[in-house]
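In what follows, a structure is listed as structure tokens, so that the remarks can point back to it.
Labels below follow one simple rule: chain letters A, B, ... track the order of the sequence lines, proteins then strands, and each chain is numbered from 1. Reckoned from all heavy atoms, side chains included, excluding hydrogens, waters and symmetry mates.
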Number of protein chains: 8
Amino acid sequence: GMAKIDHHRTLRLGLPEVIYAEGKTPEQVAEIFRRMADRGGAVLATRAGAEAWNAVKAQVQDAEYHALARVIGLRERHAATLHLGPIAVVCAGTSDLPVAEEAAVVAEYLGVKVSRIVDVGVAGLHRILSQREALAEARAVIVCAGMEGALPSVVGGLVAAPVIAVPTSVGYGAAFGGLAALLGMLNSCSPNVTVVNIDNGFGAAYVAAMMLRAGAKSA
Amino acid sequence: GMAKIDHHRTLRLGLPEVIYAEGKTPEQVAEIFRRMADRGGAVLATRAGAEAWNAVKAQVQDAEYHALARVIGLRERHAATLHLGPIAVVCAGTSDLPVAEEAAVVAEYLGVKVSRIVDVGVAGLHRILSQREALAEARAVIVCAGMEGALPSVVGGLVAAPVIAVPTSVGYGAAFGGLAALLGMLNSCSPNVTVVNIDNGFGAAYVAAMMLRAGAKSA
Amino acid sequence: GMAKIDHHRTLRLGLPEVIYAEGKTPEQVAEIFRRMADRGGAVLATRAGAEAWNAVKAQVQDAEYHALARVIGLRERHAATLHLGPIAVVCAGTSDLPVAEEAAVVAEYLGVKVSRIVDVGVAGLHRILSQREALAEARAVIVCAGMEGALPSVVGGLVAAPVIAVPTSVGYGAAFGGLAALLGMLNSCSPNVTVVNIDNGFGAAYVAAMMLRAGAKSA
Amino acid sequence: GMAKIDHHRTLRLGLPEVIYAEGKTPEQVAEIFRRMADRGGAVLATRAGAEAWNAVKAQVQDAEYHALARVIGLRERHAATLHLGPIAVVCAGTSDLPVAEEAAVVAEYLGVKVSRIVDVGVAGLHRILSQREALAEARAVIVCAGMEGALPSVVGGLVAAPVIAVPTSVGYGAAFGGLAALLGMLNSCSPNVTVVNIDNGFGAAYVAAMMLRAGAKSA
Amino acid sequence: GMAKIDHHRTLRLGLPEVIYAEGKTPEQVAEIFRRMADRGGAVLATRAGAEAWNAVKAQVQDAEYHALARVIGLRERHAATLHLGPIAVVCAGTSDLPVAEEAAVVAEYLGVKVSRIVDVGVAGLHRILSQREALAEARAVIVCAGMEGALPSVVGGLVAAPVIAVPTSVGYGAAFGGLAALLGMLNSCSPNVTVVNIDNGFGAAYVAAMMLRAGAKSA
Amino acid sequence: GMAKIDHHRTLRLGLPEVIYAEGKTPEQVAEIFRRMADRGGAVLATRAGAEAWNAVKAQVQDAEYHALARVIGLRERHAATLHLGPIAVVCAGTSDLPVAEEAAVVAEYLGVKVSRIVDVGVAGLHRILSQREALAEARAVIVCAGMEGALPSVVGGLVAAPVIAVPTSVGYGAAFGGLAALLGMLNSCSPNVTVVNIDNGFGAAYVAAMMLRAGAKSA
Amino acid sequence: GMAKIDHHRTLRLGLPEVIYAEGKTPEQVAEIFRRMADRGGAVLATRAGAEAWNAVKAQVQDAEYHALARVIGLRERHAATLHLGPIAVVCAGTSDLPVAEEAAVVAEYLGVKVSRIVDVGVAGLHRILSQREALAEARAVIVCAGMEGALPSVVGGLVAAPVIAVPTSVGYGAAFGGLAALLGMLNSCSPNVTVVNIDNGFGAAYVAAMMLRAGAKSA
Amino acid sequence: GMAKIDHHRTLRLGLPEVIYAEGKTPEQVAEIFRRMADRGGAVLATRAGAEAWNAVKAQVQDAEYHALARVIGLRERHAATLHLGPIAVVCAGTSDLPVAEEAAVVAEYLGVKVSRIVDVGVAGLHRILSQREALAEARAVIVCAGMEGALPSVVGGLVAAPVIAVPTSVGYGAAFGGLAALLGMLNSCSPNVTVVNIDNGFGAAYVAAMMLRAGAKSA
Ligand SMILES: Nc1ncnc2c1ncn2[C@@H]1O[C@H](COP(=O)(O)O)[C@@H](O)[C@H]1O
Ligand SMILES: Nc1ncnc2c1ncn2[C@@H]1O[C@H](COP(=O)(O)O)[C@@H](O)[C@H]1O
Ligand SMILES: Nc1ncnc2c1ncn2[C@@H]1O[C@H](COP(=O)(O)O)[C@@H](O)[C@H]1O
Ligand SMILES: Nc1ncnc2c1ncn2[C@@H]1O[C@H](COP(=O)(O)O)[C@@H](O)[C@H]1O
Ligand SMILES: [Mg+2]
Ligand SMILES: [Mg+2]
Ligand SMILES: [Mg+2]
Ligand SMILES: [Mg+2]
Ligand SMILES: [Mg+2]
Ligand SMILES: [Mg+2]
Ligand SMILES: [Mg+2]
Ligand SMILES: [Mg+2]
């Protein structure tokens with residue numbers, strides 16, 4: 001096989017490399033997954049459809065599939081329970097759920113406790129305002145929103161924690177596949193907001209886990 | 001002079017044509033202003049700097065200058081007092097004030113009562129939430145915001161009235177001169193939001209006045 | 001179910017929340033529709049295809065389908081007859097009809113009387129000029145156009161009422177999926193023009209209804 | 001001097017090369033102008049400011065300056081009077097005048113009779129409709145418009161002649177320096193419309209002259 | 001039916017309205033085609049696939065189909081033979097042929113004599129240079145090219161006639177669906193070049209016919 | 001004064017509001033600065049030029065100016081010494097220094113220890129590789145880079161900490177004012193990279209401080 | 001057939017014309033391939049799928065198919081062995097392999113020795129650093145990368161040879177189909193980097209071969 | 001000083017680092033220049049205006065200024081005479097000269113013999129065709145062009161050598177600061193064309209020198 005698995009990464013970064021299943025055949029995903037599982041430790045594949053899942057489960061018995069998130073995971077055998085966090089994963093509308101679930105599931109595999117807050121878009125403010133308690137406990141907040149992507153700015157003003165904004169491709173017309181939300185988030189008037197790529201729930205979870213680990217180390 | 005003043009418009013639309021001073025010499029602005037003043041009725045010039053104002057006031061004694069809004073106006077001699085509205089003109093940050101003032105001043109010349117609500121950006125929600133009473137009275141709300149342009153969505157969810165969103169060119173980098181705010185507003189998840197051009201406070205005021213007039217007629 | 005229906009909205013805004021069926025399964029649409037119907041009042045779903053319609057009609061007997069508009073609706077049982085308006089819904093070409101019908105049907109469900117004016121693009125001016133009488137009666141005008149999106153400017157000059165412009169994705173090449181029409185409408189030289197998102201007939205109708213309600217209240 | 005004057009062009013194309021003064025020093029413009037004048041025939045420089053004009057008139061006595069158009073010209077000594085056309089040069093607003101004048105002046109130097117129709121934007125249709133007679137005589141129509149650039153479509157529907165549309169950089173915000181007008185014109189629903197570059201009055205005149213010459217030859 | 005056929009157009013413009021079949025059902029195309037055929041005169045439908053053709057031929061016996069051009073046509077019964085022109089229709093590569101054929105076939109239906117010059121892209125200059133004789137006879141030249149769209153500039157320098165440039169969507173990557181070719185053509189350094197929309201062979205033919213008719217009238 | 005200082009923010013977020021001096025007059029900056037200084041606590045103004053600084057120092061004796069960073073600051077009187085971090089602030093070229101200094105200075109005012117690593121662009125890898133020790137100690141890394149913005153990806157692969165990428169407007173041509181760097185960073189193949197707006201050193205520092213505070217709390 | 005094969009090219013450029021199979025029918029590809037094979041010399045078709053391959057092999061016995069590269073080739077009968085180079089073809093991730101293989105296979109047919117270096121993206125620097133020896137031998141390096149496209153800058157700093165960068169369309173969201181990688185490469189801070197179109201492995205190979213031939217001639 | 005001069009580069013790449021003077025103060029440029037001169041070897045500064053030149057010449061006696069190219073250079077004391085090449089530097093119009101001169105002067109400092117071919121734009125083909133002999137001798141060709149950027153494709157078809165295309169920011173309107181030329185060149189139908197950044201004459205020269213050196217080594 002041509003793929004060079006970056007095993008150094010776990011050592012260097014303290015977190016495993018993650019398989020990006022998009023554009024790989026089910027067989028390729030399954031083979032890489034098995035090779036990584038053989039070395040022990042957690043294994044993750046994102047953007048994985050049903051075919052990839054079928055191929056993986058035939059090879060790795062203990063793997064699990066999270067259909068909405070399109071994530072295949074294998075927990076570390078003797079992994080500690082969730083011990084970092086908690087973080088909140090927030091989404092604006094029900095259409096943003098797949099991205100939010102990708103973030104939530106990946107964060108959990110990386111050892112982070114997650115509380116989910118869904119369908120709290122800014123057009124009905126009482127919805128997010130009623131979640132202030134849950135938000136206050138979060139050490140970091142991931143906010144997924146499409147269309148105008150206004151939710152991270154509102155959440156950013158409510159919490160004393162970093163906000164990782166994930167623009168989603170939800171919307172039509174001048175949403176331009178997530179561009180409107182992306183630009184909105186980059187220009188947030190809340191100074192605690194950073195941004196990852198459109199639909200990149202995985203990246204947001206990874207950054208959040210990294211923050212918490214670096215923070216833990218530093219304390 | 002080459003400009004054909006569209007005097008029909010007042011008859012057709014019930015509102016006077018307005019002089020766009022940008023790109024005209026002070027002399028041109030003053031001459032058109034005087035010709036329109038001679039016919040009676042209200043006269044307005046927008047995007048007018050100090051030079052244009054100096055040229056106009058030399059010719060038309062009763063004209064007034066609104067420096068922040070960059071508007072020169074002449075009230076109808078026997079004009080009724082403000083009788084339409086009220087509307088609210090809301091802005092997100094202090095840098096949006098010139099656009100908001102353009103909207104407010106023009107609306108007042110068109111006979112609309114205006115209440116101003118400033119510096120209530122979404123990063124500190126308590127600011128806009130504390131204005132709910134004033135918003136509730138408004139028959140229409142003009143919301144001016146730059147950067148991510150999230151305020152119209154939030155206001156749209158708080159009022160039972162149409163929201164006219166004005167993206168401003170405030171911001172830098174990925175604000176792209178107001179493009180981020182414009183796209184955000186066009187994709188608002190509040191369904192009572194419409195949008196005018198970047199920095200077009202004048203247009204927002206004109207539309208609001210038109211709505212109120214058409215509404216009055218229809219009642 | 002994960003969706004939080006914003007029942008507050010009817011109270012706050014005087015108009016019901018509307019289901020956006022795109023990206024929801026037929027089952028999800030049907031379930032939300034039924035839950036909202038159970039509470040009484042009008043219910044609407046936009047962007048609804050034949051499958052969504054089949055799922056809804058199996059659960060809610062009195063629902064109706066508007067195929068061209070792709071709208072499923074349920075009228076309030078003891079709803080007043082149409083009592084707001086009239087508004088005009090105008091479209092430039094026959095390809096703009098689905099968007100125009102979405103606007104017209106939604107407006108009617110929101111209690112607004114609608115007169116439809118179709119296929120009156122600016123390349124044959126006599127067509128729109130022959131409709132001046134119908135336009136004169138309108139309290140607001142919704143204008144749907146793709147390609148260069150010039151019709152709202154022309155209509156804006158003919159009426160003493162607000163024009164809500166809906167760019168459509170009709171066209172090819174440099175139409176860029178409605179971008180050309182959108183930019184044209186945002187730069188309209190008629191000052192009574194506001195703009196909603198590309199293909200957003202729903203939003204235009206909602207704004208028009210909101211205007212008429214706010215106007216009625218204010219009179 | 002480094003510039004290679006393309007003298008072949010007059011032979012090949014029947015029309016002289018034209019100096020593009022932008023980005024050349026006054027001295028360079030004057031030297032090229034004189035060299036071309038020495039060979040006889042008409043000479044033209046476009047985008048020429050006052051300094052370029054001062055430099056040219058010191059060297060070429062019979063040259064003339066058209067300040068609004070920013071064109072310096074020298075008529076052929078024994079040139080025939082204007083014998084091609086007529087064409088109409090139409091502009092939407094007074095701010096489009098410099099571009100329209102560039103077109104009109106260049107066309108006249110190329111031997112074409114021009115009738116000017118100014119300030120006839122589509123927001124007040126009676127203005128262009130009252131010019132139908134003048135338009136009917138035109139063998140080609142050049143239409144200059146900024147902002148939404150809707151005028152060429154309207155004119156295109158009124159004449160049985162080709163329309164050469166010139167988008168201008170007039171406007172602000174989402175006009176994006178003429179892009180909105182350019183896209184609008186490229187998507188015109190009138191099939192007799194072609195387009196040249198933003199602010200390229202020169203090019204429009206050149207094409208019109210070429211059409212009339214080719215037409216004359218062919219008759 | 002909802003479509004308002006613009007029969008005035010033939011009178012006003014001297015050329016028939018043309019059916020744009022894209023986005024219409026075969027039945028709609030056939031019905032409009034038949035209604036227009038019933039009135040006599042030439043009838044044309046562009047962007048017509050095999051299904052549309054099947055529907056039309058069942059209703060209008062004398063109609064013909066041009067598969068590569070995707071044009072359905074009906075010649076005027078007692079139409080004069082081709083009497084305008086000639087024009088040249090030139091294309092850069094074999095992939096540009098469908099657009100070039102749309103232009104050529106439409107021009108012929110409008111009474112224009114056409115000479116076709118294909119696969120003469122600028123990377124092998126001898127190909128276009130060997131066609132100089134054919135080009136010299138043309139009263140107007142239509143040039144279709146995708147990718148970098150350089151051919152119109154080269155042709156523009158070879159002929160004493162107007163060049164109507166048609167950018168095509170041929171290419172990949174940074175061709176951006178014809179945008180690269182479009183921008184190239186708008187910035188042509190040959191001043192006799194005008195531009196129509198991406199892939200708009202029809203529009204180019206219509207403009208060329210209009211030029212020749214206006215020229216003929218004027219001579 | 002119209003500006004509503006958001007004093008709640010310090011309570012809500014644990015970090016002070018920061019004055020954005022761009023687009024404010026020196027007098028406005030000085031007045032807001034003084035009002036905030038009167039309440040005690042740290043005060044910061046970003047994007048402050050020499051005039052703003054002159055106005056501030058006339059009113060607030062203990063304020064300091066950081067010219068390269070264009071930041072005016074006032075330290076909390078009894079502020080703890082730097083106790084969070086350390087973080088690293090890295091920049092690719094010397095032209096990125098002003099943005100990097102804005103980040104470093106702001107971070108220091110927010111109580112974070114900073115180590116600066118400058119001029120280590122990826123074209124000479126030995127430069128960044130020789131800094132691995134300093135990087136290893138960082139709890140978060142801010143990376144500023146213009147042009148192709150490749151440095152955050154490289155740094156991301158070297159550290160077990162979150163990377164906050166700041167695209168700068170350094171570059172020309174297809175750098176498009178920082179767009180190329182912005183897109184590059186959003187698409188980073190290192191999963192621990194998040195992004196803030198172009199030239200937004202302030203925001204990067206704020207996020208880093210927030211992370212460290214939230215982390216400290218959570219430990 | 002309408003395609004004019006540019007047989008001159010081999011003479012002029014020393015390298016054969018290459019068939020671009022995209023958008024051609026299998027029959028067209030096969031016919032052109034056979035005609036070129038009949039003249040002797042190497043023949044190549046790029047972007048060729050399985051159907052094209054089936055059509056070609058039925059006509060030309062000695063042709064070979066490179067499925068990953070989607071290239072059909074026929075070697076010159078008495079061709080010299082690989083005698084130019086070596087060059088290196090480097091790719092960032094496994095998803096970039098098809099583009100890299102197109103480059104490698106085409107280069108080999110053009111007589112260039114190739115060494116392949118795959119999956120060496122910048123997030124794990126040790127991977128490319130461990131290939132420094134192979135890179136040092138290369139006379140030119142082709143680097144294929146999607147997403148942020150950072151690899152050419154890093155490679156450019158490691159070699160004393162020209163780097164031909166190929167942006168790939170690998171990525172999602174703000175990758176915009178290869179645009180992010182393209183812009184990144186155009187702004188490379190390594191001065192020995194040039195760029196070809198997105199996914200254009202063929203072009204990169206062609207340029208590399210041309211360089212080596214021109215270099216050989218010049219020595 | 002903060003700048004880390006990459007002295008390794010000369011060793012690694014065989015060519016000196018070059019100072020990019022844009023955005024540096026004259027003093028900074030002069031200091032870096034002197035430090036590099038002190039080490040011996042050639043020194044170059046690009047984008048250097050008159051002030052930078054004055055500062056440098058006060059410190060480094062033997063430095064020379066190339067005003068049109070805006071390059072300051074210092075030749076290696078015992079440098080070999082020009083021994084690589086020749087290459088041709090070609091430009092389309094006189095406005096492209098500064099970019100072309102930057103390329104030519106830099107190439108000469110890097111030891112490459114240059115022949116200059118200017119003002120040979122494609123609108124008058126005889127100009128470039130008359131230079132075929134000079135082109136035939138070139139081992140590489142640098143082609144600078146703005147507007148539609150068509151010249152590299154034409155030159156690419158005439159030579160058996162690599163073409164390095166430099167889009168320039170010459171043009172207006174839809175030239176979009178060089179974007180039109182850039183896209184055109186990236187989509188060139190001549191397969192021997194590669195592209196560098198807009199106005200990047202320096203980069204083109206550097207790549208050409210690198211090619212010739214690598215070629216020389218390999219022979
Ligand atoms: N066609 C439409 N376009 C844009 N927004 C819509 C449309 N139909 C419904 N909506 C809005 O979408 C929201 C419901 O979204 P959801 O919660 O995803 O069902 C409501 O606030 C509606 O106002
Ligand atoms: N205003 C203008 N816009 C675009 N092209 C022009 C203009 N004026 C002259 N030209 C063209 O520019 C070319 C001359 O460019 P140059 O050699 O730089 O003087 C001629 O081919 C003219 O056709
Ligand atoms: N350099 C900066 N870039 C972006 N936002 C800033 C900057 N400096 C301050 N801010 C934010 O701008 C807001 C203050 O804006 P204003 O009310 O206009 O002074 C605060 O919320 C800050 O967090
Ligand atoms: N993959 C490719 N990408 C870009 N150009 C190609 C490719 N393959 C072949 N070509 C070029 O396409 C031209 C042939 O185009 P055609 O005449 O349409 O077959 C030749 O000049 C080749 O140099
Ligand atoms: Mg919802
Ligand atoms: Mg504020
Ligand atoms: Mg029609
Ligand atoms: Mg006017
Ligand atoms: Mg070919
Ligand atoms: Mg450096
Ligand atoms: Mg990998
Ligand atoms: Mg020239």
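Residues D/Val122 and C/Val122 fail the side-chain proximity criterion, which asks for heavy atoms closer than 4.5 Å.
When heavy atoms are compared at a cutoff of 4.5 Å, D/Tyr172 approaches chain C solely by way of its backbone atoms N, CA, C and O. In this structure, chain C has no heavy atom under 4.5 Å from any part of D/Leu182. Heavy atoms of C/Leu129 lying under 4.5 Å from chain D belong exclusively to its side chain.
With hydrogens and angles disregarded, no donor-acceptor distance shorter than 3.5 Å links the side chain of C/Glu148 to the backbone of D/Ala150.
Rounding to the nearest 0.5 Å places CG of D/Leu179 at 9.5 Å from CG of C/Asn187.
Contacts of C/Ala204 classified as side-chain contact (heavy atoms from CB on, under 4.5 Å), with partners at least two apart in sequence or in another chain: C/Ile142, C/Ile164, C/Val166, C/Val196.
Of the listed residues (D/Gly146, D/Ala181, D/Ala180, D/Gly171), the one with the most heavy-atom contacts under 4.5 Å to chain C is D/Ala180.
Closest non-hydrogen pair, C/Ala174 versus D/Leu183, comes out as O-CD2, 3.8 Å.
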